[in-house]
Amino acid sequence: MEDLSQVLRHRREKLAALRERGVEPFAYNFDPTASSLDAIAGFEADEAAEGLSEAGHGTSVRVAGRIVGWRDMGKSVFAHIEDRAGRVQIYFKKNALGDDSFDLLGLVDLGDWIGTEGGTFRTRTGEVTVHAQSWTLLTKSLRPLPFGKVETDPDTGERIVHSGFTDQETRYRQRYADLAVHPEVREAFRTRSKIITALRRFLDNEGFLEVETPVLQPLYGGASAKPFVTTHHALDQTMYLRIADELYLKRLIVGGLDRVYEISKDFRNEGLSRVHNPEFTMLEWYQAFSDYEDQMALVERMVLFVLDEVIGSRTIRAGGEDVTVSTPFRRLGLIDGLSQALGTDVHEMTDAALRAKAEELKVPDLGGAGRGKLVDKLFGELVEPGLIQPTFVIDHPKELSPLAKPHRNDSRLTERFELYIGGAEIFNAFSELNDPIDQRQRFEGQAALRAAGDDEAQPIDDDYIRALEYGMPPTGGVGMGVDRFVMMLTGQTSIRDVILFPILRTEE
RNA sequence: GACCCGGUAGCUCAGCUGGCAGAGCAACUGACUUUUAAUCAGUAGGUCCUGGGUUCGAUUCCCAGCCGGGUCACCA
């Protein structure tokens, strides 16, 4: 006999007892006629139409679900089952089921899946309930789920959970158990799915084509990040998991697919945090003939569309404040914002003065940061945390943006924006650099940084240059961190709460 | 990577200054045919994260490690 804990042993014993009595504990199928909530709604409709039987029963239903509540009264049992729609109470009565069927209920546990059929009725306390005429075990659960006791506050109707399942580590490692006992977690991931569907619908309506580009790439690019590296054996070739989709999508613009988007898993070999998971979901789109101004307008429409379609409110909880989203979003030049914060025109400051300011503020990890990086660090320190209301931060220094087009009015800057909401960066976009000669120079600048030890500088992609040489029309492009977008819309504060299976160290 | 907090029954947690390991819920046995945190009576259940050390004796103190959470750093 396996060395099982007492609770697991009891379940195995019940499994054996079921088989002894000729019951298959792992059934093959069941055919419900209604969801839990449909069963309740059906009864209420019958009741309103005065269509109940003399016994007070509505239409008979077949429902199936996981047992989440069990109150044994001796010769009757009240249980709750839960399915995708919600929960409904089942009433098992000995003289309605017969002795054999009723006695088998003794081998049922919380967490088992069952199907049942019967008429619906309203109990003395008013709850619409299925009066079981028959029931069947669909799956025996051999491991107890960590259900809390659920109480409904009689005054407020609020759901109070006692002794619930709260250990973060176990909830992430055993997401199946977390989902099984937490309807609100299931709901959060349904919302995530709806948000992604809404994003797709929005872009489809705008005439974009959804495409798929390589996850395994011979050369990575499109962002500054360390990649995961692997080997393809047959080709005997080093491959990288993509860190961004950008360069492949822009190749498609060159090819004449002039509005494309991709929703992808990207991978960055970096640390984990509340807002970083090494594997994360990115949405990128590229639109020919548009610039970053056009894309700011598109992003505004997109955010409102998703809020209206999915959340049903334009007020969300972000960065610890209620944020009411209204367009147009505020625009703030990165240099202007920093100049205001410093009380000095940044353009007038020497590199040494910027560095001195950064050191004064104890900005960490300055290293050999150049002017652009200093400006960016100072902005991040002084301005970013206050960007709670939706704000486009625009016109970043050139050296920070090797794939962005030079600003039409200021060659030191690029046409770029990042959208901040709740203090978090969620969108990043440019007027895309399409001059292949300039692009090669930018790549070479990156190569120099790389040679100087910056392992996140972007490698030179000759094939991408070749594509640009054929001619890429003026193009606006946007990248969005989907996980962070979902966090923002749903008020979650950890990225792990919007990713079903976040990365954790392996057990043992 | 640094710092702080945590790891005890299936779950949620208590365990004082080192002295036989505790509760609630879940489980098990019994009672109960409209209950809903059902109720009542009883029973069982432990690698106190791991490995060392100190001690007559360690869940407790010390050291090292593992795993998680948080903060910071990194990640434009």
Produce the list of close N/O pairs, under 3.5 Å, pairing protein atoms with atoms of nucleotides 4-9 of chain B; give distances to one decimal.
none

Requested in this report: Would you kindly give the CZ-to-P distance between A/F121 and B/U33, to the nearest whole Å?
Outcome: 16 Å
Query - Integer angstrom distance from the C1' of B/A58 to that of B/C32 - result: 48 Å
Query raised in the report: Which atoms form the tightest heavy-atom contact between A/R186 and A/L179, and what is the distance?
Result: NH1-O, 2.6 Å
Report task. Check every strand shown and say whether A/L145 touches a base, only sugar-phosphate, or nothing at a heavy-atom separation below 4.0 Å. Result -> nothing
Query raised in the report: Roughly, in whole Å, what's the span from NZ in A/K75 to C1' in B/G30?
Result: 12 Å
Report task. Confirm from the modelled atom types if A/E127 and B/U34 form a donor-acceptor pair under 3.5 Å, side chain to base only. Result -> no
**Report entry** Gap in Å between the two P atoms, one belonging to B/C48 and one to B/C5, rounded
**Finding:** 24 Å
Requested in this report: Please check if the side chain of A/T391 supplies one atom and the backbone of A/L387 the other of a donor-acceptor pair under 3.5 Å.
Outcome: no
Requested in this report: Would you indicate which nucleotide in B/U12, B/A26, B/A76 comes nearest to any side-chain atom of A/S224?
Outcome: B/A76
Query raised in the report: Using 4.0 Å as the upper bound for N to carboxylate O, is an ion pair formed by A/R331 and A/E293?
Result: yes
Query raised in the report: Expressed in angstrom and rounded to an integer, what is the separation of A/N277 atom CG from B/G68 atom P?
Result: 13 Å
Query raised in the report: What is the distance, rounded to the nearest whole Å, between atom CD1 of A/I426 and atom P of B/A76?
Result: 17 Å
Requested in this report: Considering only NZ, NE, NH1 and NH2 on the basic side and carboxylate oxygens on the acidic side, decide whether A/R505 and A/E169 come within less than 4.0 Å.
Outcome: no
Query raised in the report: B/A44 and B/U12: how far apart are their P atoms, nearest whole angstrom?
Result: 25 Å
Report task. Please measure how far the C1' atom in B/U43 lies from the corresponding atom in B/G52, and state the result in whole Å. Result -> 39 Å
**Report entry** Spacing of the C1' atoms in B/G46 and B/A21 (rounded, Å)
**Finding:** 8 Å
Query raised in the report: Under 3.5 Å, is there a donor-acceptor pair linking the side chains of A/W135 and A/S101?
Result: yes
Report task. Check whether any side-chain N or O of A/E425 sits under 3.5 Å from a backbone N or O of A/Y420 as a donor-acceptor pair, and report yes or no. Result -> no
Query raised in the report: Pick the nucleotide of RNA chain B nearest each of A/I503 and A/L403; which residue has the one closer to the 5' end?
Result: A/I503
**Report entry** Sequence-aligned protein contact record of nucleotides 37-51 of chain B, with B where the base is within under 4.0 Å of a protein heavy atom and S where only the sugar-phosphate is
**Finding:** BB-----BS------
Query raised in the report: Between B/C66 and A/R505, is there an OP1 or OP2 to side-chain N/O distance shorter than 4.0 Å?
Result: no
Query raised in the report: With a non-hydrogen cut-off below 4.0 angstrom, is A/F147 in contact with a base, only sugar-phosphate, or nothing?
Result: nothing
**Report entry** Among B/A76, B/G70, B/C11, the one nearest A/L400 by side-chain distance
**Finding:** B/A76
Query raised in the report: What integer number of Å spans the P atoms of B/G15 and B/A23?
Result: 15 Å
Query raised in the report: Hey, does A/F165 reach any base, or is it just sugar-phosphate, or nothing, if we go heavy atoms under 4.0 Å?
Result: sugar-phosphate
Report task. Output the single nucleotide from B/U12, B/U35, B/A76 whose closest atom is nearest the side chain of A/P402. Result -> B/A76
Requested in this report: Spell out, as yes or no, whether a donor-acceptor pair under 3.5 Å connects the side chain of A/N277 to the backbone of A/P502.
Outcome: no
Query raised in the report: Touch check for A/G164, heavy atoms < 4.0 angstrom, all strands: base, sugar-phosphate only, or nothing?
Result: sugar-phosphate
**Report entry** Phosphate contact (B/G10 OP1 or OP2) by A/R143 side-chain N/O below 4.0 Å
**Finding:** no
Report task. Answer yes or no: does a side-chain N or O of A/K377 lie under 4.0 Å from OP1 or OP2 of B/C74? Result -> yes
Query - Whole-Å gap separating P (B/A27) and NZ (A/K140) - result: 11 Å
Query - B/C25: pairing nucleotide in any strand, Watson-Crick or G-U under 3.5 angstrom - result: B/G10
Query raised in the report: Looking across every strand, which nucleic acid part, if any, lies under 4.0 Å from A/Q89 by heavy atom: base, sugar-phosphate, or nothing?
Result: base
Report task. Measure from the side-chain heavy atoms of A/R274 and tell me the nearest of B/A76, B/U71, B/U12. Result -> B/U71
Requested in this report: Please determine, by modelled atom types, if A/H407 and A/R412 share a side-chain donor-acceptor pair under 3.5 angstrom.
Outcome: no
Query - Proximity to the side chain of A/R496 - top-ranked nucleotide from B/G69, B/C11, B/U35 - result: B/G69
Query raised in the report: Relative to the 5' end of RNA chain B, which residue comes earlier, A/Y420 or A/T166, by the nucleotide with the nearest heavy atom?
Result: A/T166
Requested in this report: Walk me through it: do A/R171 and A/Q168 pass the test side-chain hydrogen bond (donor to acceptor under 3.5 Å, both in side chains)?
Outcome: CA-CA 5 Å; A/R171 287 183 51 212; A/Q168 293 284 40; 3.2 Å; yes
Query raised in the report: Between A/Y91 and A/S76, is any pair of side-chain heavy atoms under 4.5 Å apart?
Result: yes
Requested in this report: Answer yes or no: side-chain N or O of A/T123 and base N or O of B/U35 forming a donor-acceptor pair under 3.5 Å.
Outcome: yes
Query raised in the report: Is A/H80 touching bases, backbone alone, or none of the nucleic acid, heavy atoms closer than 4.0 Å?
Result: base
**Report entry** Among B/G68, B/C11, B/U34, the nucleotide that comes nearest once only the side chain of A/R124 is considered
**Finding:** B/U34
**Report entry** 4.5 Å side-chain heavy-atom contact, A/D112 and A/T139
**Finding:** no
**Report entry** Any strand: nucleotide that pairs with B/U71 via Watson-Crick or wobble, under 3.5 Å
**Finding:** B/A2
Requested in this report: Just name whichever nucleotide pairs with B/G46, Watson-Crick or G-U, keeping both distances under 3.5 Å, else none.
Outcome: none
Report task. Mind checking A/R11 for me? I need base, sugar-phosphate or nothing, with any heavy atom below 4.0 Å counting as a touch. Result -> nothing
Query raised in the report: With both distances under 3.5 Å as the test, what is the Watson-Crick or G-U wobble partner of B/C61?
Result: B/G53
**Report entry** Interatomic distance, A/Q168 CD vs B/G69 C1' [rounded to whole Å]
**Finding:** 7 Å
Query - Worked verdict on A/Q89 versus A/R71 for side-chain hydrogen bond (donor to acceptor under 3.5 Å, both in side chains) - result: CA-CA 11 Å; A/Q89 184 167 251; A/R71 291 174 297 282; 2.8 Å; yes
Query raised in the report: Are the aromatic rings of A/F392 and A/F417 close, with centres under 6.0 Å apart?
Result: yes
Query raised in the report: In the structure shown, which nucleotide is the Watson-Crick or G-U wobble counterpart of B/C16, with both distances under 3.5 Å?
Result: none
Query - Nearest-angstrom distance, P atom, B/G18 to B/C62 - result: 10 Å
Report task. Can you figure out which of B/U34, B/A27, B/U33 approaches the side chain of A/K14 most closely? Result -> B/A27
Query - Pairwise P distance for B/A64 and B/A27, with rounding to whole Å - result: 44 Å
Requested in this report: State plainly whether the residues A/E399 and A/K373 are in salt-bridge range, i.e. N to O under 4.0 Å.
Outcome: no
Query - Nearest-Å distance for atom pair CG/C1', residues A/L272 and B/A73 - result: 14 Å
Requested in this report: Please state how far atom CD in A/E384 lies from atom P in B/C74, giving the value in whole angstrom units.
Outcome: 12 Å
